[in-house]
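Worksheet for the structure shown next.
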Amino acid sequence: MSLKEKLQSSYLAFEDHLQADSPLHDVRNKAMKSFETKGFPSKKEEAWKYTSLNALLNKEYSIFPKNDTAIEFKDVKKYFLNDIDTYKVVFIDGVYSSFLSQITHDVIDVCLMSSALNKSKYSSIIETYFNKAANSDSLTCLNTAFAKEGAYIRIAKHKEAQKPIEIINFATGTEAATMLQPRNLIIVEENAHVQIIERHQSLNNNEVLTNSVTEIFLEKRANVDYYKIQNDTQNASLIDSTFIQQQRESICSVHTFSFGGKLTRNNLSFKQLGEHCDSILNGVTMIEDKQHVDHNTLVHHIAENCESHQDYKGVFDDRSTGVFNGKVYVEKQAQKLDAFQKNNNILISNKATINAKPQLEIFADDVKCSHGCTIGQLDQDALFYLRSRGIANKEARALLMYAFANTVLESVKIPELKERINKLIANKIGVNLGFDL
Amino acid sequence: MLQIKDVYASVEEKDILKGISLSVNAGEVHAIMGPNGAGKSTLASIIAGKEEFELTKGHITIDGEDITELDAEERAHKGVFLSFQYPIEIPGVSVTNFIKTAINENRKAKGLKDMPASEMLKKIKEKADLLEIDRKFLSRSLNVGFSGGEKKRNEIFQMAMLEPKLAILDETDSGLDIDALKVVANGVNKLKNKDNAVIVITHYQRLLDYIVPDFVHVIMDGKIVKSGTKQLAYELEEKGYDWIKEELV
């Protein structure tokens with residue numbers, strides 16, 4: 001049975017537990033039909049030209065993994081930000097862990113998608129927001145059909161989440177192959193603020209395929225800083241689709257740190273619906289072996305006087321491959337716009353590959369749009385300069401890589417998180433320089 | 001201290017140095033002069049260990065130890081320092097972090113622990129004051145957006161921090177106005193002592209008014225063609241290099 005067939009039959013079983021007459025059921029059915037028609041994306045599609053899912057689709061995934069594995073906090077402590085207090089929404093194999101979580105309903109809602117989807121008091125919210133920002137590509141549809149758990153976060157008007165929120169999805173790998181489909185919904189109302197850190201983490205080397213979808217809605221003057229830490233184990237793959245809708249004067253930044261995992265695909269899509277929005281998309285990718293990371297970004301400018309800034313840095317070693325496909329789409333009425341896109345790549349090994357494809361589609365005539373893309377190697381003159389000061393080759397290379405990534409790192413607003421990422425990079429390069437850049 | 005014995009060197013198959021011998025003792029200042037393309041910067045690079053330059057013949061020793069097979073960082077650990085003619089810009093690394101890393105990497109090579117933070121700060125302050133360097137300057141990205149003078153001052157600051165046995169100043173005077181030149185020269189003079197040595201590479205006699213050499217050597221077409229005292233620098237300033245060429249014929 002192919003994975004698609006397995007998903008189809010699993011859906012029928014899943015459907016039995018759903019309320020047949022709810023509007024949500026229609027949304028799921030429609031989504032499932034759409035997935036059935038389109039199937040998994042293939043390399044024939046332009047957006048998937050450089051990323052093949054074939055090797056992932058022939059595994060025998062468990063679609064509804066058993067959930068009887070107890071995790072002790074001490075075993076997973078290192079995946080949390082321990083130096084500061086945070087809200088935590090934690091899932092183990094797709095099921096909420098109250099033991100590891102710290103959620104709240106006090107002023108702000110940091111809780112569960114399952115509650116939002118099933119409790120009647122949330123029905124109008126689900127009707128207004130659920131699946132409204134998401135697009136209809138096949139994997140997003142698949143997630144919509146199966147959506148049952150994830151984080152539901154709502155920050156009410158003029159409120160600020162007093163501490164960052166960590167959303168962590170653990171995969172225990174009790175089965176040889178697991179498929180997970182978390183679904184997050186985040187609503188940040190007028191002038192509300194929140195910082196969110198998202199992580200997917202396998203606890204052993206069994207196969208995991210995560211098809212995650214997150215929708216984020218920013219109302220007027222809302223402010224969101226979203227950090228994605230992708231440092232998973234060697235057989236864990238992630239397809240992450242994040243859809244963001246911004247109303248006027250809102251500011252949203254998404255940082256994506258891709259260091260681990262087998263195959264990672266980031267679909268990050270921004271839609272600016274009101275004037276004076278700012279969208280910030282930053283990423284650092286550092287991979288080796290046969291790892292693959294694909295950043296597929298879209299900034300859709302619909303309103304006037306908006307800004308968007310993209311800064312993606314990639315360092316590729318061994319036979320790793322990277323893709324940067326960044327699209328900026330400017331509608332005719334989106335005048336007085338400032339859109340900037342930068343993608344810089346360093347190939348450490350001559351067997352590493354990066355496919356970079358910046359795309360600007362501009363239909364307005366009074367805008368400032370620019371993009372720059374570079375692919376190169378570590379600067380030999382800079383390397384000699386550092387070594388001539390007594391800094392050994394390995395450390396000098398590490399210093400240059402840190403420096404390269406630093407323009408992105410310095411925009412991380414949570415100091416403890418910045419330090420954590422510095423350490424991840426230090427581990428990655430095998431060098432600790434003893435200071436934070 | 002430094003012995004260069006009959007050194008031949010090439011870059012991309014092109015012969016640049018064609019049999020250079022030079023002996024520099026502790027406590028001495030040597031000036032190397034010569035027209036463009038004579039091989040002055042190549043000599044500096046080959047002592048510092050730049051990999052693009054291939055030493056095809058001869059030996060370079062420091063305190064009797066052959067360094068020709070050593071990597072650039074190992075030569076630095078032996079006390080070799082090159083002040084770059086064109087210091088490299090490195091965005092994302094501050095001057096302070098750079099120099100801290102360099103100091104501690106040198107200490108690590110000698111089996112020492114990292115320099116305590118308080119001692120490091122004190123030293124940075126002292127050397128920055130010596131070269132009249134503003135504290136704000138130290139937190140800027142290395143050489144990024146620095147003026148010519150700032151870059152050279154930063155080079156000498158690094159020299160002051162690392163306290164090398166042998167400092168090679170490659171056209172440190174280029175891009176400096178007279179005030180900056182005085183500050184830089186004054187810094188070098190204060191760092192000078194009986195245990196270290198300086199090689200000054202320059203086109204102009206001007207710098208040598210402030211860093212006074214014990215010996216002046218002229219390089220032409222990859223060879224040292226004439227050596228003398230400071231007086232030779234004045235002669236070159238006055239008469240150019242042609243008279244040496246004629247002498248050679």
Side-chain angles (χ1 to χ4, degrees), chain A residues 257 282-284 286 311-315 342-346 372 374 376-412 418-419 421-423 425-426 429-437, chain B residues 44-45 47-53 70-94 96-110 113-115 117 120 141-144 151 154-155 157-159 161-164 168 170:
Chain A
F257 296 98
N282 286 338
V284 175
M286 282 190 184
D311 186 0
Y312 279 85
K313 300 285 175 79
V315 180
K342 196 166 73 159
N343 172 229
N344 305 110
N345 302 289
I346 292 180
T374 63
Q377 279 140 1
L378 283 181
D379 181 349
Q380 292 302 312
D381 288 333
L383 209 49
F384 174 61
Y385 188 57
L386 298 177
R387 293 176 73 187
S388 78
R389 297 301 183 250
I391 301 172
N393 191 28
K394 189 177 173 196
E395 278 74 12
R397 292 170 74 92
L399 188 59
L400 290 180
M401 285 192 249
Y402 266 103
F404 176 69
N406 194 39
T407 53
V408 171
L409 273 176
E410 68 188 1
S411 63
V412 172
K418 193 192 283 185
E419 195 179 320
I421 293 163
N422 262 324
K423 280 188 188 147
I425 295 178
I429 317 179
V431 169
N432 199 343
L433 294 163
F435 60 84
D436 302 331
L437 286 162
Chain B
S45 297
I47 300 171
K50 193 167 187 184
E51 281 163 5
E52 292 96 296
F53 293 84
L70 297 185
D71 288 334
E73 60 266 34
E74 293 170 314
R75 298 182 195 209
H77 301 155
K78 304 270 176 223
V80 176
F81 177 89
L82 171 63
S83 168
F84 280 54
Q85 183 178 358
Y86 303 109
I88 313 293
E89 299 188 3
I90 304 186
V93 181
S94 70
T96 305
N97 279 335
F98 171 61
I99 201 66
K100 277 185 192 169
T101 308
I103 294 242
N104 286 329
E105 281 279 302
N106 277 285
R107 289 174 68 98
K108 193 164 88 186
K110 293 184 178 77
K113 286 198 174 128
D114 282 1
M115 185 181 275
M120 183 78 78
S141 275
L142 188 60
N143 292 322
V144 178
K151 282 184 182 170
N154 182 35
E155 292 293 286
F157 168 68
Q158 292 170 36
M159 172 186 163
M161 290 296 294
L162 293 167
E163 302 176 87
I168 307 159
D170 190 4

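Order of the sequence lines sets the chain letters (A, B, ...), proteins ahead of strands, with each chain counted from 1.
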> Quick one: CG on A:Asp381 to CD1 on B:Ile88, what's the gap to the nearest 0.5 Å?
Replying inline: 4.5 Å

> Should the heavy atoms of other residues, nucleotides or ligands under 6.0 Å from NZ of B:Lys110 be counted, would the total exceed 12?
Replying inline: yes

>> For A:Ser388, which atoms come within 4.5 Å of any heavy atom of chain B: side chain, backbone, both, or neither?
In response: both

> Closest heavy-atom contact between A:Arg387 and B:Ala76?
Replying inline: O-CB, 4.1 Å

>> Distance check, rounded to the nearest 0.5 Å: A:Leu383 atom CG versus B:Glu51 atom CD?
In response: 8.0 Å

>> Show the nearest heavy-atom pair for residues A:Asn406 and B:Gly92, with the distance to one decimal.
In response: ND2-O, 3.3 Å

>> Once rounded to the nearest 0.5 Å, what's the spacing between atom CD of B:Glu155 and atom OH of A:Tyr385?
In response: 3.5 Å

> Roughly how far apart are B:Met159 CE and A:Arg389 CZ, rounded to 0.5 Å?
Replying inline: 10.5 Å

>> Taking the side chain as everything from C-beta on, heavy atoms only, tell me whether B:Phe98 gets closer than 4.5 Å to A:Leu386.
In response: yes

>> So for B:Leu142, is it side chain, backbone, both, or neither that comes closer than 4.5 Å to the heavy atoms of chain A?
In response: side chain

> Rounded to the nearest 0.5 Å, what separation is found between the CD atom of B:Glu52 and the CD atom of A:Gln380?
Replying inline: 7.0 Å

>> Could you measure the distance from the CG atom of A:Leu399 to the CD1 atom of B:Ile90? Nearest 0.5 Å is fine.
In response: 7.0 Å

> Relative to chain A, which segment of B:Ala48 carries a heavy atom at a distance below 4.5 Å: side chain, backbone, both, or neither?
Replying inline: both

>> Is B:Lys78 close to chain A through its backbone or its side chain, or both, or neither, when contacts mean heavy atoms under 4.5 Å?
In response: neither

